[in-house]
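These notes concern the structure reproduced below.
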Amino acid sequence: MLSSTLQNTKKLQQVCRQLHSAALKVAVSPQYEESVTNTFASFITDIRPEHLSDIVRHRSKRMILDNIGVGLVGTTTHVFNIILQYCQDLHSSGYGNTAVSSVYGRKDLMMSPTLAAYVNGVAVHSMDFDDTWHPATHPSGAVVPSILALSQLLSKEKRISGEDLLTAYNVGIEVQGRLMCFSKEAKNIPKKFHPPSVVGTMGSAAAAAKLLSLNKEQCTHALAIAASLAGAPMANAATLSKPLHIGNATRLGLEAALLASRGMEANALILDYVPGCAGFSAFYGDYHPKSLSPAGEDYEFLLEKQDIAFKSFPAHLGMHWIADASVSVRNRLINHYGSFNPSAIQSIILRVPVSKYINRPYPESEHEARHSFQFNACTALLDGEVNISSFSDDNMHRPDLHSLLKKVVLEHPEDNVANFDKMYGEVVIVLKDGDVKIGRTETFYGHWRNPLSRESLLKKFRSNALHVLEEGQVEDVIEMVENMENVSDVSQLPLSLQ
């Protein structure tokens with residue numbers, strides 16, 4: 001038995017050595033020209049601003065603006081301040097002393113590009129207020145801080161235009177989306193790892209590689225290096241550490257591209273499926289990669305056919321269905337009885353998908369509350385809405401809120417699946433007099449099937465940005481992002497966020 005095990009181990013080691021040796025020769029070996037990884041590297045190097053359709057430009061600028069806004073309000077949080085102090089201590093001790101990149105909301109504070117990307121990335125996800133895509137991930141937070149920080153570094157030698165930034169951003173978004181399409185399990189609410197910590201790191205690396213103008217071989221290595229830096233378990237969702245997933249993704253993806261630019265090498269078949277020696281397939285049990293089509297005017301970006309979801313309050317996306325359904329049934333009660341009376345309620349039934357990490361009957365922290373069907377339903381019932389202040393200590397520990405939480409029961413209908421494109425939220429209120437009222441939401445306002453209007457998106461951005469910027473600065477940022485194509489030096493954008 002031992003002899004057989006040793007022989008199998010030696011065979012696996014031999015396969016991996018052969019794979020590694022062959023992969024490092026990818027640039028000169030014609031047989032690897034059609035590898036999946038090679039098509040991704042070609043896409044990164046070959047895509048041009050003129051390949052972006054009007055729809056892609058429109059949607060991506062909305063995403064960039066929203067991401068900047070949630071990053072700015074995120075600088076008011078406890079987790080941001082912990083990470084900011086940590087990075088300042090690193091910087092003062094000599095780590096990353098190339099202080100050229102801006103920190104959101106901190107006037108005149110500059111850090112190295114990787115530290116700035118890290119702290120700004122944490123700010124973006126500190127409230128779980130950032131955009132969500134399908135398959136499920138937060139695509140913008142891993143890319144925007146990375147390329148903004150990098151644009152300031154590169155501006156010392158050349159000007160990075162708004163077109164350059166917009167193209168790099170869409171490279172980062174597209175790479176994330178394509179990777180997630182290689183797995184059916186990626187389409188559902190995650191169970192094992194937090195998706196942006198994996199595909200986000202790859203997207204950051206791809207976007208940075210584009211902005212750095214890396215050649216095809218270097219892009220291959222940037223992706224492979226990023227894969228070695230990726231991953232974070234779902235057990236840390238609803239904790240103070242979850243924002244680190246986005247911070248690490250944007251920082252480590254940037255580092256992967258910078259390392260590749262300096263000659264660091266890694267496995268050039270990282271995105272291909274190779275039996276016996278897993279690359280990116282290590283993250284998904286049903287990984288079936290496909291080559292990317294060549295870049296060009298006929299290339300169709302995923303963002304063109306799959307829009308994004310923007311959140312109206314800072315919590316897990318699933319909470320938006322249940323909050324909307326709660327407001328709906330609350331309004332039914334008011335219309336029928338003239339007022340909302342919590343004491344008249346016998347029980348509250350929430351019909352939601354099965355998802356363990358967002359089933360939290362009695363959340364003890366703001367991060368748990370952001371991931372609690374029960375908390376968001378009861379808050380919406382009491383207040384008629386959920387907003388930033390809903391997660392304050394005072395609101396979380398209200399006696400009337402806890403009274404309602406005790407009445408909540410969860411049900412999981414078979415047709416309500418844990419998938420952001422298919423799920424729904426239903427709230428059933430059973431009154432003590434026997435009356436029953438029901439509220440149901442199939443698609444909330446802000447979901448890709450019911451997108452925010454420009455007015456609603458700008459209202460959210462202004463509300464978030466005004467926590468740290470002056471009104472004139474806020475309007476300047478809107479002007480710059482909405483007219484990104486006309487910006488000749490995009491390094492001015494991160495400077496305007498201080």
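Partners of V354 according to the side-chain contact (heavy atoms from CB on, under 4.5 Å) rule, which considers only residues two or more places apart in sequence or in another chain, are H412. For S204, the side-chain contact (heavy atoms from CB on, under 4.5 Å) partners two or more places apart in sequence, or in a different chain, are S146, T250, L254. Remark: S355 pairs with no residue by the side chain to side chain donor-acceptor pair (under 3.5 Å) rule, at least two apart or across chains. For E426, the side chain to side chain donor-acceptor pair (under 3.5 Å) partners at least two apart in sequence or on another chain are R351, R440. For K187, there are no salt bridge (Lys or Arg N to Asp or Glu O under 4.0 Å) partners at least two apart in sequence or on another chain. Looking at residues two or more places apart in sequence or on another chain, you find a side-chain contact (heavy atoms from CB on, under 4.5 Å) between K422 and V417, N419. P289 meets the side-chain contact (heavy atoms from CB on, under 4.5 Å) test with V36, F182, Y273, Y287; sequence neighbours excluded. Under the side chain to side chain donor-acceptor pair (under 3.5 Å) criterion, S496 pairs with no residue at all, not counting sequence neighbours. Partners of Q346 by side chain to side chain donor-acceptor pair (under 3.5 Å), not counting sequence neighbours: none found.
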Report the C-alpha distance between I345 and K432 in whole Å, list the side-chain angles of each, state the deciding distance to 0.1 Å, and finish with yes or no for side-chain contact (heavy atoms from CB on, under 4.5 Å).
-> CA-CA 6 Å; I345 296 175; K432 292 177 180 177; over 6 Å; no
Check against side-chain contact (heavy atoms from CB on, under 4.5 Å), L179 and M202 = CA-CA 9 Å; L179 289 175; M202 306 297 284; 3.8 Å; yes
Report the C-alpha separation of V409 and L350 in whole Å, then their side-chain angles, then the decisive distance to 0.1 Å, and conclude whether the side-chain contact (heavy atoms from CB on, under 4.5 Å) test is met.
-> CA-CA 6 Å; V409 177; L350 308 183; over 6 Å; no
Verdict with supporting geometry, T443 and N450, side chain to side chain donor-acceptor pair (under 3.5 Å) | CA-CA 7 Å; T443 303; N450 187 17; over 6 Å; no
Please lay out, stage by stage, how N331 and S328 fare under the test side chain to side chain donor-acceptor pair (under 3.5 Å).
-> CA-CA 5 Å; N331 290 337; S328 174; over 6 Å; no
Show the numbers, then the answer: is there a side-chain contact (heavy atoms from CB on, under 4.5 Å) between L410 and V352?
-> CA-CA 7 Å; L410 260 59; V352 294; 4.0 Å; yes
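The two residues H447 and A309 make their nearest non-hydrogen contact at CA-CB, 4.1 Å. In plain terms, the two heavy atoms of A116 and S102 that are nearest each other are CB-O, 3.7 Å.
Side-chain N/O atoms of Y299 and E174 include a donor and acceptor closer than 3.5 Å. Defined by atom type and a distance below 3.5 Å, a donor-acceptor pair is missing between the side-chain atoms of S403 and D400. A donor and an acceptor atom, one from each side chain of Q152 and S491, are nowhere located under 3.5 Å apart. Side chain to side chain, S339 and N341 fail the donor-acceptor criterion of an N or O pair below 3.5 Å. There is a side-chain donor-acceptor pair under 3.5 Å between E479 and N483. For the residue pair S389 and N387, a side-chain donor N or O sits within less than 3.5 Å of a side-chain acceptor on the partner.
Within the 4.5 Å cutoff, no side-chain heavy atoms of K305 are placed close to those of I55. Looking only at side-chain heavy atoms (C-beta outward), V408 and P361 stay at 4.5 Å or farther from each other. Counting heavy atoms from C-beta outward, L244 and I83 have side chains that approach closer than 4.5 Å. With a 4.5 Å cut-off on side-chain heavy atoms, Y445 and S456 count as touching. Residues Y104 and L148 have side chains in contact (heavy-atom distance under 4.5 Å, counting atoms from C-beta outward). With contacts defined as side-chain heavy-atom distances shorter than 4.5 Å, the pair Y357/K191 does not qualify. Side-chain contact check for R370 versus M319: every heavy-atom pair is 4.5 Å or farther apart. Side-chain contact between Y424 and T441 is absent, with no heavy-atom pair separated by less than 4.5 Å.
Residue pairs meeting the ring pair (Phe, Tyr, Trp, His ring centres under 6.0 Å) criterion with at least one member in residues 326-355, sequence neighbours excluded, do not occur. Listed by first then second residue, pairs satisfying ring pair (Phe, Tyr, Trp, His ring centres under 6.0 Å) with a partner in residues 126-151 read H125-H138, H134-W448, H138-H194, not counting sequence neighbours.
Ring centroid separation for the pair Y284 and F193 comes in under the 6.0 Å cut-off.
Taken from CZ in R106 to CE in M111, the straight-line distance is 10.0 Å, to the nearest 0.5 Å. In this structure, the separation between CD1 on I322 and NE2 on H316 is 13.0 Å, given to the nearest 0.5 Å. Of the inter-residue distances, the one linking L65 atom CG with S60 atom OG reads 11.5 Å to the nearest 0.5 angstrom. Note that the CG atom of D131 and the NZ atom of K311 stand 8.5 Å from one another [nearest 0.5 Å]. Here the CG atom belonging to N464 is positioned 6.0 Å from the NE2 atom belonging to H467, to the nearest 0.5 angstrom.
Remark: R330 does not engage D383 in a salt bridge, criterion side-chain N to carboxylate O under 4.0 Å. Classification of E482 and K61 as a salt-bridged pair fails, no side-chain N sitting under 4.0 Å from a carboxylate O. Under a 4.0 Å N-O distance rule, the pair K460/E455 does not qualify as a salt bridge.
Looking at R59, R62, R449 one by one, the single match for salt bridge (charged side-chain N to carboxylate O under 4.0 Å, His left out) with D307 turns out to be R59.
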Indicate every side-chain donor-acceptor pair of residues 371-380 with a distance under 3.5 Å to a residue at least two apart or in another chain.
| residue | atom | partner | partner atom | Å |
| --- | --- | --- | --- | --- |
| H371 | ND1 | H367 | O | 2.8 |
| H371 | NE2 | D128 | OD2 | 3.1 |
| H371 | NE2 | K242 | NZ | 2.9 |
| S372 | OG | R360 | O | 2.6 |
| S372 | OG | Q374 | N | 3.4 |
| S372 | OG | F375 | N | 2.9 |
| Q374 | OE1 | R360 | N | 3.2 |
| Q374 | NE2 | N359 | OD1 | 2.7 |
| N376 | ND2 | A369 | O | 2.9 |
| N376 | ND2 | S372 | O | 2.8 |
| T379 | OG1 | F375 | O | 2.9 |

